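These figures come from a predicted structure and were not determined experimentally. In the text below, chain A, chain B and the rest are named by the order of the sequence lines, each starting its count at 1. Computed over heavy atoms, backbone and side chain alike; hydrogens, waters and symmetry mates excluded.
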Amino acid sequence: MTWSGWKSREVILAGAIILLVGMIASRFPAFIAPSNLANVFNDTSPLIILALGQMVVIVTRCIDLSVAANLALTGMVVAMLNTAMPDLPVPVILAIAIGLGSLMGLINGLLVWKLSIPPIVVTLGTMTIYRGIIFLISGGEWINAHEMSDAFKAFPRETILGLPLLSWIAILVVLAFVVLVGRTALGRAFFAVGGNPHAAVYTGINVGQTQCAAYVISGALAGLTGYLWVARYAVAYVDIAGGFELEVVAACVIGGISIAGGIGSVGGALLGALFLGIVKNALPVINISPFWQLAISGSAIIIAVAFNATSSRSKGRVILKKAEHAT
Amino acid sequence: EDKRIALVVKALGIGFFEAAAKGAEEAAKELGDVEIIYTGPTDTTAEGQIEVINALIAQKVDAIAISANDQDALVPALKKAMDRGITVISWDSGVAPEGRQLHLNPSSNELIGNMIIKLAADHLPDGGDVAVLSASATATNQNIWIEEMNKVKDNYPGINVVATVYGDDLADKSYREAQGLMQTYPDLKAIIAPTSVGIVAAAQAVSDAEKAGQINVTGLGLPSEMAGHIDSGASKSFAIWNPIDLGYSATMLAYNLATDKAEAKPGGEIPMGRMGSLTLNDKNEGAMADPFTYDSSNINDFKDIF
Amino acid sequence: MSVTANETGSIERQIPDRLKSPAQRFLASWELLLLGVAVAVFTLNSFASPYFLDAWNLSDATYNFTEKAMIAFAMALLIISGEIDLSVASIIALASTAMGFAVQMGADTSVLILVGVGVGLLCGAFNGVLVTGLGLPSIVVTIGTMSLFRGISYIVLGDKAYTGYPSSFAFFGQGYVWWAVSFEFVLFVLFAIFFAIVLHRTSFGRLVYAIGNNPVGALFSGIQVARVKFVLFLLTGAMSGVAAICLTSRLGATRPSIAFGWELEVVTMVVLGGVSILGGAGSIPGVVIAAFVMGMVTFGFGLLNVPGIVMSIFIGLLLIAVIALPRIARQVLARRRG
Amino acid sequence: MLANMQGISEVHSQSGEKIEPLLSLTGISKSFPGVKALSDVSLELYPGTVTALVGENGAGKSTIVKILTGIYQPDEGEISIDGQPVTFSTAQDAGEAGVTAIHQETVLFDDLSVAENIFIGHAPKTRFGLIDRAAMAARARALLERVGAQIDPAVTLRDLGIANKHLVAIARALSIDAKIVIMDEPTASLSHKEIEETYELVERLRAEGKAILFISHKFDEIFRIADRYTVFRDGQMVGAARIDDVNERELVKLMVGRSVDTVFPNRSPQLGEEVLRVVGYSHPTEFEDIGFTLREGEILGFYGLVGAGRSEFMQALFGITRPSKGAIRIDDKIAVIRDPNAAISHGIVYVPEDRGTQGAIKGLPIFQNISLPSLKETSKNGFLRLAEEFKLARDYTQRLDLRAAALDQDIGELSGGNQQKVVIAKWLATKPRVIILDEPTKGIDIGSKAAVHEFMAELAAEGLAVIMVSSEIPEVLGMSDRVIVMREGRIAAEFNREEMTPEQLVRAAAGITEVLT
Ligand SMILES: Nc1ncnc2c1ncn2[C@@H]1O[C@H](COP(=O)(O)OP(=O)(O)OP(=O)(O)O)[C@@H](O)[C@H]1O
Ligand SMILES: Nc1ncnc2c1ncn2[C@@H]1O[C@H](COP(=O)(O)OP(=O)(O)OP(=O)(O)O)[C@@H](O)[C@H]1O
Ligand SMILES: [Mg+2]
Ligand SMILES: [Mg+2]
């Protein structure tokens, strides 16, 4: 109950999002047309998927700065595979993308686990390495829409009940995370490891292994998103999703996931991602120059973290209050 | 000894520049005593190009032909190159006059500005809303073309330019900007993208929104990348100059200046092999050729070339 | 138990000052390892390209790292104290934008210097207040201000650029003090010495280490932890401002995308220099050597016309390898002994 | 006695038949870099028997616990349960083999619920392999009831007080269906009432036939609840037998290898001028209206149950937290203390209770720890002078009889007692007027404890004013010239040396004052 239920932080963030949407809608009613909202959700789906992966990593006191590079490398690999073997069925492509993404996550995880290199250093390093590998394998060439097979490009666009498959995948991932985080031993271990790594050892949880598992999950989702991204935008090149890792971290922070580990929720990550997605989509609609976007999302991060910090600041043990109650 | 000519591009891996590099190699083969160094940063930043230029200066290349990411920021580095006796020209995207000996425009800016709006207007006999999807905010050529376009847009009554957005030459950002345009302007009839990255992304966005045929994506693009969208009807026509010719011409110009076979001065004419010669205006700029329009009638002849 | 200093017999129990001499420590130090890497890179480069060993070329090569290294010195102190500033590149953008704006207003070179450093200080103060005043984690705060500061530049400049800097301003990024020795390089050396003295020879530096090793313990020892950290944010902001002056002068123009992505290169330089990202350990000489290594690697690859991204793979590998190898060695040794 | 020394005395049940050990360790050795924590140690635990494990700090008691619970793996030696050799590579393995432990450190998760804290790592599962939350809550409730706690299993652990947290830790240990229960200093941070409850629990577990290993530095409780004892000294087992066969003196001798005076130093306090006067010190949530005076050469004890707010008040006095009301006079002049810096310059210093995070700065060498608050004196114009720092460190470490390899050794490499000495040296080097010692002997073995007490007496004799916060009644009675008892953030009572008795202290601390006054 305490950990799966919606805590006040999520409720407030949800309130902020509703307010934001309401404000936009009051001037531009077209923004809340169901089709447009569906569109916004679809656009935000990659961010949602990656934010969930990042969430479990951050909860275990790590950080994964290599997600965007992982996404781009996986995307390039599947795109090249597709041009070389246009008949490769999509399920195989998906399996390869997830497998390759997990492998890259595993490399991060092993470096953190087996060599205890600080996570930020590991993923800073692998971020540049993964990006560089894209250049090496592609020679810097772009893979364009006309080089990709139709089936490859169509998959994330396929609509079911009015929503594109990309959105459905994001929804599925959210549901899977609700179960993973709330109802599995591994999910709870993430929180234990991040909340008190020392104590985790005493309860038989292998801290490094759990962190490694978080990286593998984050990597697998980055790989999955890599294929979806490349198929959706129908292009692959070295720089796709450049800098996206920071947006992913920002979504987590706005969603109340504590960078110090141990605290966070699926709902928070989801709402954090949605918040950024809505801001991004709304700017052109409400006619604010896109040049404002960066400053707005920066301010949102600062406000969110300041808000989270003040609302969760430990209230002390309140010895006197206890006394008042007792008497 | 071979003349070493460096062809510096905005970023490696962009199809347009890869094609230009082919043209440079063609020129080198024709000239015989030329070695081409094809280089550039990985992303489109001025700092990245400066590091590349410093490395080229150190290698004492004979000439640098650059398509700049920033017309001002590269000036000091290129000046230094010229001080050390290196021939510097810019092509495609220009450098301010102090930083180069001449600039090769792919085509005249007026012509391009007119061309991109004409491409849209030709398919809108009754007029309608059009929007511009530009490229990187720091690249100059797009902005000049849009400026030129705005100067002549009154010649196309009924055509209403409703917005200009920036896709930063990133496929995903351009895609989202195109989506945003379609949402904001439900009556949109055409998107003009004078950038090879933007035009593909916009065409993709239009196809995905199942509006191919309703919204015409046009502008400047590469036949190889646009072939599919011409087939699908998302784009009825677009224009481009031949990037192979552009790389070829830039190399020829650099060679002729570096070997003192010609001098860059206002009013001067500098030969560029099979492309004729370049006539310089008072800012030492010249235009290579007219852009060429591609549509369903001719796309198949070019899509395998560039 | 009541042993006082002068009592007989207590002398033999006296604890020696040091177990290892400074020389012994140096032989087992990170700096020596890095120095080895630097020498190797230098040697390889001189074999790989005939153009490498040329005073003017080496002088040009220093531009690849001097500006970043100046920020890295301040960042090293900040990271040793247990904080981080990811907004440094955005501070450059904002400071450069402010300088460009000042030029439009008719400011001369001396005013530009004030504006550059001043904006850097302001940005540093903003970070510092958020981190030390509100007690927020610096990595998150500065991810936020990283967007905010550059965002303001975008709002001001959009797709425009500021140019027209006075010609005397060009000296900072393009001038030479003597022969091939550039002004920037001299500045780099001076700041290296300054920060080395501050960190290693002053009591302020000692406080930085104490805070990084145990901030609570430092507070309980009477150290004004928040104030020291605030000063470090100010310093980092000011050094970003200095870097903005040099870079703007070198480019002669300001765009909002200036110095994009530098924060990660600066952090990489600091970490490669042996500063513990967890705080509490590291040295300025290490960062200086790391700056040379990174600069020489990029320049060496550049001379061979290897694309920048391939260099970054190399830097990424170097980063992980240099940190991983000692750990692997230790694990192997421990296994052998055990 | 010789047989005892080798730990091979036979054990018989009450009805006289011989009992086989449930668990036996033979020839266990364990080394850490630079330390041989255990060498060739043997230990046996019998069903229905409480075995006390005693030894000085660093003797290796907690290390053996960690080996028994799979957290460390021994370098050599064998563990067998019911005569079968076993190996534990994780804490989970140990749990499955029937070994459970309440560790010395609290090893719980503040942000998880109570139920999750109890079951993390072995939660009940549904058919689909998912955590069965309903079953978990129900079983948690039952366990909490068993340990006598009234706690809602759904609340977040952070919201509990320290005593309840401890009960959760005990419930967690019992959630594993174990034959062997290990308790590493379970009463160290508990108050009187909870300590009694813990004893009852131990009795119950013994009655259920469990083998119990009970680690403690408190001799009264060892003699009260243990059936057998085992003594470790410097990582070796030096004795094991029935508790009835030994007395306190002999046990201490076994532990430290020599006789130790457990009496407190004999003092004849020479009280000087008043140094400190506190008036009406209050804090919005932690304490209220604290006032007292302190004179040179005096030792003022602060007694109270854990959580009474003593540390909070002392930290306010030292400038860490700010009071909302109240005033301080030093040498009869008003002093405003906004931060520790101000406190230090007024001559007030504080040796914190939490040595690991608040006292020692691990990562810095000993001499730098000592010079840290005195940098102004040892440096010149802001520049360090290492020679001065070493001199300072030499002077004060010698005075405290520190044991270390070198002064540039990392303080983190020292044993707890020696770390405490460095922290005290650090403060003495500032030449304070008032020194506050917060639980100065917490977790310190008998030998070092006596040393600290003696040193405290010495400081007072030199004219320093000493405030000693302690939760141990013998220490309070043995050392203080005067005692203030705090309860729930307020002063509950004050006693002179002549007036104080253990009973009065306990009653005042527990709030049964009416009867007394
Ligand atoms: N992880 C470790 N790394 C290095 N040394 C260690 C480690 N754990 C324990 N030691 C050392 O092993 C020895 C035994 O420590 P242990 O914690 O077992 O003592 P203890 O008997 O429990 O002491 P206490 O009464 O203070 O709890 C000590 O010298 C200690 O410093
Ligand atoms: N609710 C709690 N949760 C966790 N730890 C606690 C809690 N309450 C107290 N403690 C810990 O117990 C110890 C004693 O508590 P604290 O120092 O606050 O009480 P005090 O009355 O001020 O001090 P003392 O124990 O000296 O009387 C400290 O280490 C503190 O961190
Ligand atoms: Mg212990
Ligand atoms: Mg206390």
Among the options [options], pick out the one with the most heavy-atom pairs lying under 4.5 Å from chain A.
options	value
C:Leu264, C:Leu319, C:Ile155	C:Ile155
C:Ser147, C:Ser153, C:Gly151, C:Ser90	C:Ser147
C:Arg327, C:Gln331, C:Met146, C:Arg330	C:Arg327

Could you tell me which portion of [X] (side chain, backbone, both or neither) has an atom closer than 4.5 angstrom to a non-hydrogen atom of chain C?
X	result
A:Ile301	side chain
A:Leu115	both
A:Thr126	both
A:Leu111	side chain
A:Ile129	both

Problem - Most contacts with chain C, counted as non-hydrogen pairs under 4.5 angstrom, among A:Ala304, A:Pro118, A:Ala295, A:Ser297 - result: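 Winner by heavy-atom pair count: A:Ala295.
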Fill in the blank from the handout: Here the pair of heavy atoms bringing A:Ile117 nearest to C:Ala324 is CD1-CB, 3.7 Å
Fill in the blank from the handout: Note: A:Thr128 and C:Gly316 closest approach over all heavy atoms is OG1-CA, 3.4 Å
Exercise for the section: State the CD1-CZ distance between C:Ile313 and A:Phe135, to the nearest 0.5 angstrom. Expected result: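 It comes to 9.0 Å.
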Practice task
To the nearest 0.5 Å, tell me how far A:Ile302 CD1 sits from C:Thr145 OG1.
Solution key: 5.5 Å
Handout entry: Contact class of C:Leu317 relative to chain A, heavy atoms under 4.5 angstrom
Key =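 C:Leu317 touches chain A through backbone and side-chain heavy atoms alike.
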Problem - Segment of C:Val140 engaging chain A (4.5 angstrom heavy-atom cut-off) - result: both
Problem - Reference residue C:Val267; test side chain to side chain contact (heavy atoms under 4.5 Å, CB included); the match among A:Val121, A:Leu124, A:Ile120 - result: A:Leu124
Problem - Stepwise side chain to side chain contact (heavy atoms under 4.5 Å, CB included) test for A:Val249 and C:Ile143 - result: CA-CA 9 Å; A:Val249 173; C:Ile143 284 178; 3.8 Å; yes
Handout entry: Intermediate values then yes/no, side chain to side chain contact (heavy atoms under 4.5 Å, CB included), A:Trp292 and C:Ile152
Key = CA-CA 8 Å; A:Trp292 281 75; C:Ile152 296 173; over 6 Å; no
